[in-house]
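Read the structure below first, then the notes.
In this chain, residues are counted from 1 in sequence order.
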Amino acid sequence: MEKLLEMEADGYIAKTSKPTDWVSSMVVSLRNDKVRVCIDPKDLNKAIKREHHPMRTIEDVVSNIPGYNVFSKLDAKSGFLQIKLDEESSYLTTFNTPIGRYRWLRLPFGITSAPEIYQRIMDQMLEEIDGAFAIIDDILIAGQDMENHGKILKQVVERAMSYNLKLNFKKCCIRQPKVTYMGRVLTTQGLSADPGKVDAIVNMPAPKNKDGVRRFLR
């Protein structure tokens with residue numbers, strides 16, 4: 001209940017009492033000791049019309065930055081929750097909670113079209129800025145040298161401000177010879193595996209039952 005009241009105060013959700021055509025179940029997950037409230041819009045997702053906007057891969061990005069030597073990575077804070085819903089869409093996301101029904105005022109996790117909507121907005125924001133790419137909420141800036149990189153970084157920051165995009169500065173990495181991006185390490189020589197990801201797999205305890213095997217495969 002405390003998390004719901006916090007989200008209501010932050011303007012992410014709002015209480016509703018009017019009848020709605022759609023009502024989803026609430027899903028609560030614990031990630032890094034933080035409570036995350038989502039919805040399970042299984043039935044709603046069947047009715048949503050998707051945009052089918054192309055989703056970029058790390059390989060797509062690397063193929064467009066040959067010979068680049070300086071990198072920055074910017075992280076968009078709260079991801080989907082920066083996107084406001086119009087009133088009609090908001091009521092579609094109504095969900096049940098122990099203290100009554102709420103509707104989302106921002107784009108929630110679980111909506112099947114959410115990644116495509118977010119990617120389209122990010123692509124529009126970075127349109128015509130050479131050396132800047134986004135995969136969902138991770139923005140990569142690649143420059144040939146410090147001067148070139150600085151010009152691109154300035155363009156991206158100005159464009160982000162015009163879109164009112166908030167960044168998580170604790171996760172940003174500026175003007176580096178290499179950066180960790182989408183689970184890989186990106187350098188002037190190309191891509192390599194992220195040692196942290198490799199260690200996590202190598203040191204993972206061997207599964208002892210069917211559920212353990214499923215967790216490992218995920």
Heavy-atom side-chain proximity of [X] to [Y] below 4.5 angstrom:
X: Tyr102; Y: Met7; value: no
X: Asp40; Y: Ser24; value: no
X: Tyr91; Y: Lys18; value: yes
X: Leu186; Y: Val62; value: yes

Residue pair Ser90 / Arg103, side-chain donor-acceptor N/O under 3.5 Å: yes
Counting only pairs under 3.5 Å, give me each side-chain donor-acceptor contact of residues 70-81, with atom names and distances, residues two or more places apart or in other chains.
unit_1, atom_1, unit_2, atom_2, d
Ser72, OG, His149, NE2, 2.9
Ser72, OG, Arg175, N, 2.8
Lys73, NZ, Thr180, O, 2.8

Can you give me every donor-acceptor pair (side chain of residues 126-142, partner residue at least two apart or in another chain, under 3.5 Å) with its distance?
none

[X] [atom1]: over 12 foreign heavy atoms closer than 6.0 Å:
X: Met55; atom1: CE; result: yes
X: Gln124; atom1: CD; result: yes
X: Asp21; atom1: CG; result: no

Pi-cation contact, Phe95 with Arg101 (under 6.0 Å, within 45°): no
Pair Lys15 + Glu8, salt bridge at N-O below 4.0 Å: no
Donor-acceptor under 3.5 Å (Asp60 side chain, Thr57 main chain):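 Flag set: sc Asp60 to bb Thr57 pair under 3.5 Å.
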Donor-acceptor pair, side chain of Asp10 and main chain of Tyr12, under 3.5 angstrom: no
Counterpart residues, side chain to side chain donor-acceptor pair (under 3.5 Å), relative to Gln82 (two or more places apart):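 Checked Gln82 against side chain to side chain donor-acceptor pair (under 3.5 Å); zero matches.
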